[in-house]
S.K.: 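Before I ask anything, let me first share the structure, which is written out below as structure tokens.
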Amino acid sequence: MKAKIHVYLKPGVLDPQGAAVAGALHNMGYEEVTAARQGKLIELDLTGDDADAAKARVDEMCQKLLSNPVIESYSIDIA
Amino acid sequence: MKAKIHVYLKPGVLDPQGAAVAGALHNMGYEEVTAARQGKLIELDLTGDDADAAKARVDEMCQKLLSNPVIESYSIDIA
Amino acid sequence: MTQYADGIAAEIVAEHGINDEEYAIILDRLGRAPNMVELGIFSVMWSEHCSYKSSRAHLGKFPTSGEKVIQGPGENAGVIDIGDGQACIFKMESHNHPSYIEPYQGAATGVGGILRDVFTMGARPVALMNALRFGAPDHEKTQHLVGGVVAGIGGYGNCVGVPTVGGETNFHEGYNGNILVNAMAVGLAETDNIFYARGAEPGQPIVYVGSKTGRDGIHGATMASAEFDDESEEKRPTVQVGDPFVEKKLIEACLELMATDAIAAIQDMGAAGLTSSSVEMADKGGIGIKLIMDDVPQREENMSTYEMMLSESQERMLVIMKPGREDVAKAIFEKWELDVAVIGETTDTGRMVLEHKGEIVCDIPVAPLADDAPKYERPYFAPEVRAQINAKDVAQPSHMGEVLLKLMSSPNMASKAWIWRQYDRHVMADTAASSEDPSDAAIVRVHGTNKALAITTDCTPRYCYADPFEGGKQAVAEAWRNLTATGADPIAITDCLNFGNPEREEIMGQFVGCVEGMAQACAALNFPVVSGNVSLYNETNGVAIPPTPAVGGVGLIPDMDKRAGFGGMSEGHILMVVGKTTGAMGASTYLRVVEGREDGGAPMVDLDREKAHGNFVRGQIRAGRISACHDLSDGGLACAAADMALASQTGIKLAHDADSDVPMHGFLFGEDQARYLMAAKKDDAIAIIQDAKAEDIDIQVVGLAGGTAVSVNGAHHLELDRLRAAWEGWMPDLMEPVAEAAE
Amino acid sequence: MKSAVIVFPGSNCDRDAHDAIERVTGEKPAMVWHQESELPEGTEFVMIPGGFSYGDYLRCGAMASRSAILPAVVAHAATGAPVLGVCNGFQILTESGLLPGALMRNAGLTFVCEKAPLKIDNGNTRFTSRYGATSELIIPIAHHDGNYFADAETLDRIEGEGQVVFRYGNNPNGSQRDIAGVMNEQGNVLGMMPHPERAVDEKHGGTDGLALFESLLGSA
Ligand SMILES: Nc1ncnc2c1ncn2[C@@H]1O[C@H](COP(=O)(O)OP(=O)(O)O)[C@@H](O)[C@H]1O
Ligand SMILES: [Mg+2]
């Protein structure tokens, strides 16, 4: 099984990388871009085949290590 | 419109971050994790409403700025 | 009929960069056609990068020994004696081709590689330097390359915890298609605990340590030995990605292992990784090797022997251990969570035998790989001698202050703070002077003592282009001068010889001229070459880089309380120039920036004067008479004075003698060699001048410190505030857009 | 005073921390490997040095804050004994929840190494008491992720409680309210991005960091 985890900055947390991306795209003439945010994508290969159980474990991993609750939120897809 | 861009390391390119994440999860007792990869997630807010046109433009942005074609590949979702 | 093994044809041999003659030698030495693995091994070992086939014939001209030299060229790095049982180990290396293709990783792995060369020998790395050349600032690729290279150097060096203390950065359109990234590492060791690639004996286990082997950079060494064309970017091998965290662990683990008595020989895996490291140790020990490829730690599945032998995965070392000591290594490397595996043993057969999945996939004699490597006496011609240009032949500008402003804010002279702010310069707590400090060389204390290393990198490619021989001399002399200006005793150099395609006679002429010039200067200044690197084929679509023999010099300051910088001048101090000023303008910064021309002969370097003036200046520094000292180089006296004024936050009133036969712009901006600018209190200045007269040294009072501007003869004012803003502003202006976008 | 310096595989200011502590206290600190689970008997002061603990992959300090030794550091802090985290050490302390907030990528996105002007915001702590009337310092910084973030409520609270110990004179990284160093509520755990251990020697970085270590001596 694979778990795909998206880690985002929470709303209200300044995102210097996102701001820089938006700024650079603007400078390059992509004026349709009104905002950019940058997050992380973590993919895990997992043994086992119980998707629900896996999701619960991955959720734990996110809370314990993969995200920082002060600034980040996350979502999990198991496939 | 929003564009969601996933940027991954190409297969075969060393992913020290991913390796470190897998190692840390192992040490914490998550033995079901056999491998980890880390990528980037970039979200853009876009004006306009032509999804196909937007995708073509975002593809250009990926090639020019958002990904490093030497070591990374990417995928785009427009929503 | 030429003989080929199954599955190999003439094109495949050619793709491996092996020509017909070379292939014939291989057939002769093997007595049969090589298989793919063997061909791959010959290909990398005989590549320009590993075999120095075009350059070897000339490198022997360098003086390489001396009283303080413990190990000259031929090992992983050079070793010099710095007294008290301590040795300094250093080397410089290029990572030009990879950095052009992928600037961040290319530069980062360049730093990683040069660090390994130094700690392989038992040294703890204590300083990094970087010499960079980029294309024209307005070239479409320049910003991206600068941003990536600088971030890569910082990203790696900062993480491993070795301070990056200095370097140099040039911009010139000649590097548009081929940038230069030369990194230098300096380390410290005990003289009785130095490790070599030589020394292995038959029957010893071969231990692999570090990261796993992947398919990175296969054929990197052959790539570094070919010129670029428009398709190169497509043909590139998988880029090597560095992992500085692993490197940091590798340093600590290797130093821990070196503190035990378990190592017979050790070698990092650099270009052509497992191949060159194993061949070099076997060759230097005069032995054979047998490797079991199945035991090589692998990152990917189904790797072939060919791939494993040619991979340039980073952060790996090969250690030949004393028999029975494998467990010592295992324990240490496991503690540091690094891969460690016994992958073979040394033999007495003189052959390199590789076994994979129960079959012998390679069986070739070691000696020809090294000894029979091709060595070419490539034809060459020296460039036409260019006429000297004196300031008398150059129009006199009306406002010297405005000219100075223009020079100081030109790409090569402007502050590089944008770069060095991204480098951790202070980690290890021994940096006494780095890029930010007003010092001609970086100064790094020898931990726990009151002595220090002085380190500099120098080269003036426009001189080398104008006159390879004088330019080569000048590169060495400037390094010597920069060390001297801090009060150090210059000891030895490393070099990185960056040139175009040596198969062109004109380029080979540049190479030979520079080497011979450098050799002459090294000999005259007792400043031997102890290590170095050659990077050829820096050429795109037939356009070569300017000849760039970068020199990395190391000296010793025996007592840190007796040294100089250029920030100590204050109001009322007298300014003096040691050395003769004639107003030499050929190939000068002035001509390039003000007149937009790069013609004329390079300034001549008089090595006797160079030595006499340097020794005099060093003596005065040690006598404690000098408040500030700066060598004169790019932009001449006025630019050195401007540096001093900015650093000391005191204006300078320069005085030009209208009756002299050197016109004012020659006096200010001429680039005559063997000169130093010194500031001293009045009494000290008098004593200095007396000493100079007694020793027959040219010395001239050129001005007085004071005020808030640099001025000449009471006119031509340039306010320091305005100067500082322009000097500091150029690079941020160039980089701002990239700075926002860079990761 | 018995001190301990925690060493992670990617620590690189551990030797600097060791030497600074020895210089001030006259005693060599114990170097404690990250895989240990206890501090040496009798440890009074614990320092978590700068570096890249585990390569700083994922987030700076994230993995280190889950390492074997951390529970012992947390327990030590709970006894009220002094704990100092510098640079990566600060990141580890926020990641482990001993200090409020988080350290994000510098606003300019590049690594920044410079001699930073600092203001002492609270001179009445066990880390700053020896600074006396001095309120402005120059201490080197060197980091890529020193951009201090906490929500407005937290910021108001820590400012109100005097937990902000140092501020930048010249905010180099985008930190909220120029914050360079914060303390926990009890006042025994300090995290700061600037490196005081690089400022204890005239021949290297100046001496503005000395009083910080001296303050600790008086307070232990
Ligand atoms: N790439 C670089 N990395 C680090 N420091 C640099 C770099 N380029 C320039 N510098 C620093 O900027 C200062 C000025 O450089 P330069 O003008 O080349 O000095 P000089 O001409 O006196 O040798 C030096 O302290 C040098 O170390
Ligand atoms: Mg100089």
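To find a chain, count down the sequence lines: A is the first, B the second, and so on, and within it residues start at 1. Reckoned from all heavy atoms, side chains included, excluding hydrogens, waters and symmetry mates.
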S.K.: Could you tell me whether the side chain of D/His204 and the main chain of C/Ala432 form a donor-acceptor pair under 3.5 Å?
M.R.: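 Not at all, since once roles are kept as given, no pair shorter than 3.5 Å links the two residues.
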
S.K.: To the closest 0.5 Å, what do you measure between OG1 (D/Thr110) and CE (C/Met735)?
M.R.: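 CE of C/Met735 is found 10.0 Å from OG1 of D/Thr110.
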
S.K.: Taking C/Thr431, C/Val162, C/Asn158 one by one, which has the highest count of heavy-atom pairs under 4.5 Å against chain D?
M.R.: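 With the most close heavy-atom pairs to chain D, the winner is C/Asn158.
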
S.K.: Please lay out, stage by stage, how C/Asp561 and D/Lys203 fare under the test side chain to side chain contact (heavy atoms under 4.5 Å, CB included).
M.R.: CA-CA 9 Å; C/Asp561 300 314; D/Lys203 290 191 177 118; 3.3 Å; yes

S.K.: To the nearest 0.5 Å, what is the distance between CG (C/Asp424) and SG (D/Cys87)?
M.R.: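 Answer for the CG-SG pair, C/Asp424 versus D/Cys87, is 8.0 Å.
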
S.K.: When you compare the side chains of D/Asp19 and C/His447, does any donor N or O come within less than 3.5 Å of an acceptor on the partner?
M.R.: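 Their side chains do contain a donor-acceptor pair, which is all the 3.5 Å distance test asks for.
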
S.K.: Could you pull out the closest heavy-atom pair between D/Ser53 and C/Phe245, with the gap in Å?
M.R.: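 Result for this residue pair: O-CE1, 3.4 Å.
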
S.K.: Going from CZ on D/Phe111 to CD1 on C/Ile153, what distance comes out if it is rounded to the nearest 0.5 angstrom?
M.R.: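 Answer rounded to 0.5 Å: 13.5 Å.
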
S.K.: May I ask you to name which of C/Gln422, C/Lys248, C/Glu337 has the most heavy-atom pairs under 4.5 Å with chain D?
M.R.: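 Sorted descending by pairs with chain D, the first entry is C/Gln422.
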
S.K.: Go through the steps to decide whether D/Cys113 and C/Arg425 satisfy the test side chain to side chain contact (heavy atoms under 4.5 Å, CB included), and finish with yes or no.
M.R.: CA-CA 7 Å; D/Cys113 173; C/Arg425 307 179 299 283; 3.6 Å; yes

S.K.: Can you measure from CG (D/Asp16) to CG (C/Asp430) and round to the nearest 0.5 angstrom?
M.R.: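 Answer rounded to 0.5 Å: 8.0 Å.
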
S.K.: Starting from the C-alpha separation in whole Å, work towards a yes-or-no answer on side chain to side chain contact (heavy atoms under 4.5 Å, CB included) for C/Lys335 and D/Trp33.
M.R.: CA-CA 10 Å; C/Lys335 168 187 160 196; D/Trp33 187 237; 3.9 Å; yes

S.K.: Under the 3.5 angstrom rule, does the side chain of D/Arg15 hit a backbone N or O of C/Met428 as a donor-acceptor pair?
M.R.: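 Yes.
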
S.K.: Rounded at 0.5 Å granularity, tell me how far NZ in C/Lys249 sits from OH in D/Tyr54.
M.R.: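 OH of D/Tyr54 is found 9.0 Å from NZ of C/Lys249.
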
S.K.: Identify which part of D/Asn88 has an atom lying under 4.5 Å from any heavy atom of chain C, answering side chain, backbone, both or neither.
M.R.: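 For D/Asn88, no heavy atom lies under 4.5 Å from chain C.
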
S.K.: So, for D/Pro140 and C/His426, which heavy atoms are closest and what is the spacing to 0.1 Å?
M.R.: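 Answer, listing the atom of D/Pro140 first, then C/His426: CB-ND1, 3.7 Å.
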
S.K.: For C/Gly161 and D/Asn12, work out which heavy atoms get closest and say how close.
M.R.: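 The pair with the smallest heavy-atom distance is CA-ND2, 3.3 Å.
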
S.K.: Relative to chain D, which segment of C/Asn450 carries a heavy atom at a distance below 4.5 Å: side chain, backbone, both, or neither?
M.R.: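 For C/Asn450, side-chain heavy atoms alone lie under 4.5 Å from chain D.
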
S.K.: Against chain D, label C/Val150 side chain, backbone, both or neither, depending on which of its atoms sit under 4.5 Å from a heavy atom there.
M.R.: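 Neither part; nothing is under 4.5 Å.
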
S.K.: Quick one: what part of D/Gln35 sits under 4.5 Å from any heavy atom of chain C, side chain, backbone, both or neither?
M.R.: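 Contact with chain C is through the side chain of D/Gln35 alone.
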
S.K.: Spell out the residues in residues 252-260 of chain C that have some non-hydrogen atom less than 4.5 Å away from a non-hydrogen atom of chain D, in order of number; otherwise answer 'none'.
M.R.: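 Within residues 252-260 of chain C, no residue comes under 4.5 Å from chain D.
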
S.K.: Which of the residues D/Ala107, D/Gly55, D/Gly205 is involved in the greatest number of heavy-atom pairs with chain C at under 4.5 angstrom?
M.R.: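 Ranked by contacts with chain C, first place is D/Gly55.
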
S.K.: Would you sort out whether D/Asp56 and C/Cys159 count as a side chain to side chain contact (heavy atoms under 4.5 Å, CB included), showing the intermediate values?
M.R.: CA-CA 9 Å; D/Asp56 276 1; C/Cys159 184; over 6 Å; no

